[in-house]
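The block underneath contains the structure these notes are about, expressed in structure tokens.
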Amino acid sequence: MANEIFGFIGCGNMGGALATAVARVVGGENILLANRTPEKAAELAKALGGRTCDNAQAARESDFLFLGVKPHMMAGMLAGIRPVLADRTRPCVLVSMAAGLTVATVRDMAGVDFPVVRINPNTPSAVGKGLVMLCAEGIENDDPRMQVLRRAMAGAGLLDDVDERLMDAGSAVAGCGPAFAALMLEALADGGVACGLPRAKAQMYAAQMMLGTAALALETGRHPGALKDAVCSPGGTTIQGVRALEKGGFRSAAFEAVIAAYEATLRLAKK
Ligand SMILES: NC(=O)c1ccc[n+]([C@@H]2O[C@H](COP(=O)([O-])OP(=O)(O)OC[C@H]3O[C@@H](n4cnc5c(N)ncnc54)[C@H](OP(=O)(O)O)[C@@H]3O)[C@@H](O)[C@H]2O)c1
């Protein structure tokens with residue numbers, strides 16, 4: 001890969017996870033890290049072999065500038081680097097990961113007519129098993145810069161192009177989903193502990209089971225209902241567990257969780 005510079009402003013949970021994923025592909029020497037609390041960027045730079053800098057330097061030197069601050073901080077952060085961006089002779093590609101902020105909003109806040117790629121990653125990106133939704137404006141799909149960006153981000157997991165109007169819905173499933181899945185993972189492990197399994201084993205069994213079930217769904221393309229039926233023998237044990245989940249409103253709770261997260265994202269966008 002050529003020596004494009006990938007800058008990150010905001011090295012928190014998601015910015016840090018993506019920087020880690022990108023560094024795996026492009027090498028730490030091509031990573032610039034800026035964070036409000038500089039110690040956080042320094043620690044990450046040490047782990048990745050990257051360089052730390054301030055926001056202005058990241059804005060000046062990056063070919064791809066990842067914006068990893070919280071959505072409500074985006075306007076203030078971008079206002080600070082506006083003059084540097086405006087002074088650039090060659091535009092960089094702005095890569096926003098902010099939930100609920102449209103491409104148009106981010107471009108407005110940045111005050112420059114640069115290409116903007118909006119991505120919606122999730123935390124499993126840190127271990128290369130993420131789902132990253134992506135939509136771009138001001139740059140064609142076959143632009144070499146898009147290809148470089150896609151290759152760099154492949155270290156985060158699966159990239160999926162999506163129409164921007166579907167991004168918030170996708171985020172409620174895949175972006176917020178790791179919290180929902182982790183809640184289930186923890187609860188299953190608690191059940192195992194209640195039945196006498198040591199905690200570490202219970203947690204490992206639950207996690208590997210979820211990983212395997214997800215792989216089964218993705219690799220076979222079978223409907224989740226069919227995967228469930230395949231485990232439920234007539235008069236058997238699993239169907240009794242399914243009964244308990246239905247009684248507890250599990251399916252409805254998961255359904256409502258996605259809608260609640262989606263509605264919260266829409267409210268965020270209006271602020
Ligand atoms: N977490 C997820 O699962 C997820 C999923 C999809 C999208 N996202 C998006 O990812 C973005 C970051 O979320 P997060 O969960 O990673 O939040 P986070 O852990 O709070 O990270 C935000 C980082 O931005 C830094 N920061 C704040 N203002 C700054 C400024 N002016 N200049 C430089 N750095 C600044 C903070 O520094 P300090 O160290 O000083 O606090 C912090 O390290 C958000 O826009 C969110 O919508 C997150």
Side-chain angles (χ1 to χ4, degrees), residues 7-22 31-48 50-62 65-85 94-103 105-106 109-110 116-135 153 156-160 162 164 166-183 257-258 261-262 264-271:
F8 291 80
I9 298 183
C11 303
N13 292 318
M14 193 43 68
L18 277 183
T20 305
V22 169
I31 302 282
L32 274 179
L33 300 161
N35 195 68
R36 182 177 56 187
T37 309
E39 292 76 19
K40 203 188 268 182
E43 198 177 316
L44 189 62
K46 201 169 156 203
L48 306 183
R51 290 173 291 146
T52 57
C53 63
D54 58 17
N55 292 0
Q57 187 183 349
R60 197 178 307 114
E61 296 181 12
S62 301
L65 185 61
F66 285 72
L67 311 172
V69 303
K70 291 278 189 200
H72 69 279
M73 294 178 174
M74 188 64 89
M77 186 278 284
L78 284 173
I81 59 170
R82 243 177 203 242
V84 183
L85 291 174
L94 298 172
V95 185
S96 165
M97 63 189 83
L101 295 187
T102 64
V103 165
T105 305
V106 171
M109 288 173 174
V116 178
V117 177
R118 180 177 171 192
I119 58 171
N120 212 314
N122 60 6
T123 49
S125 302
V127 291
K129 302 270 187 236
L131 184 281
V132 184
M133 288 170 276
L134 181 147
C135 68
M153 290 215 315
L158 189 71
L159 306 182
D160 191 54
V162 68
E164 185 163 29
L166 295 178
M167 190 130 313
D168 292 336
S171 169
V173 177
C176 305
F180 309 153
L183 209 61
V258 172
Y262 176 65
T265 308
L266 297 186
R267 285 195 295 276
L268 198 69
K270 282 197 192 120
K271 277 186 186 164

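Order of appearance sets the numbers: ligands from 1, and atoms from 1 within every ligand.
- For Glu61, the CD atom counts as densely surrounded, since its 6.0 Å shell holds more than 12 non-hydrogen atoms of other residues, nucleotides or ligands.
- Residue pairs meeting the side-chain hydrogen bond (donor to acceptor under 3.5 Å, both in side chains) criterion with at least one member in residues 122-133: none, sequence neighbours excluded.
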Step-by-step side-chain contact (heavy atoms from CB on, under 4.5 Å) determination, Asn55 to Val84: CA-CA 10 Å; Asn55 292 0; Val84 183; over 6 Å; no

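- Side-chain contact between Ile9 and Ile81 is present, with at least one heavy-atom pair separated by less than 4.5 Å.
- Using a 4.5 Å heavy-atom threshold, the side chains of Met74 and Thr105 count as separate.
- Using a cut-off of 4.0 Å between Lys/Arg side-chain N and Asp/Glu carboxylate O, Asp168 and Arg267 are scored as not salt-bridged.
- Using a heavy-atom distance under 4.0 Å as the criterion, the protein contacts of ligand 1 are Ile9, Gly10, Cys11, Gly12, Asn13, Met14, Asn35, Arg36, Thr37, Lys40, Asn55, Gly68, Val69, Lys70, Pro71, Met73, Met77, Met97, Ala98, Ala99, Asn120, Pro121, Thr123.
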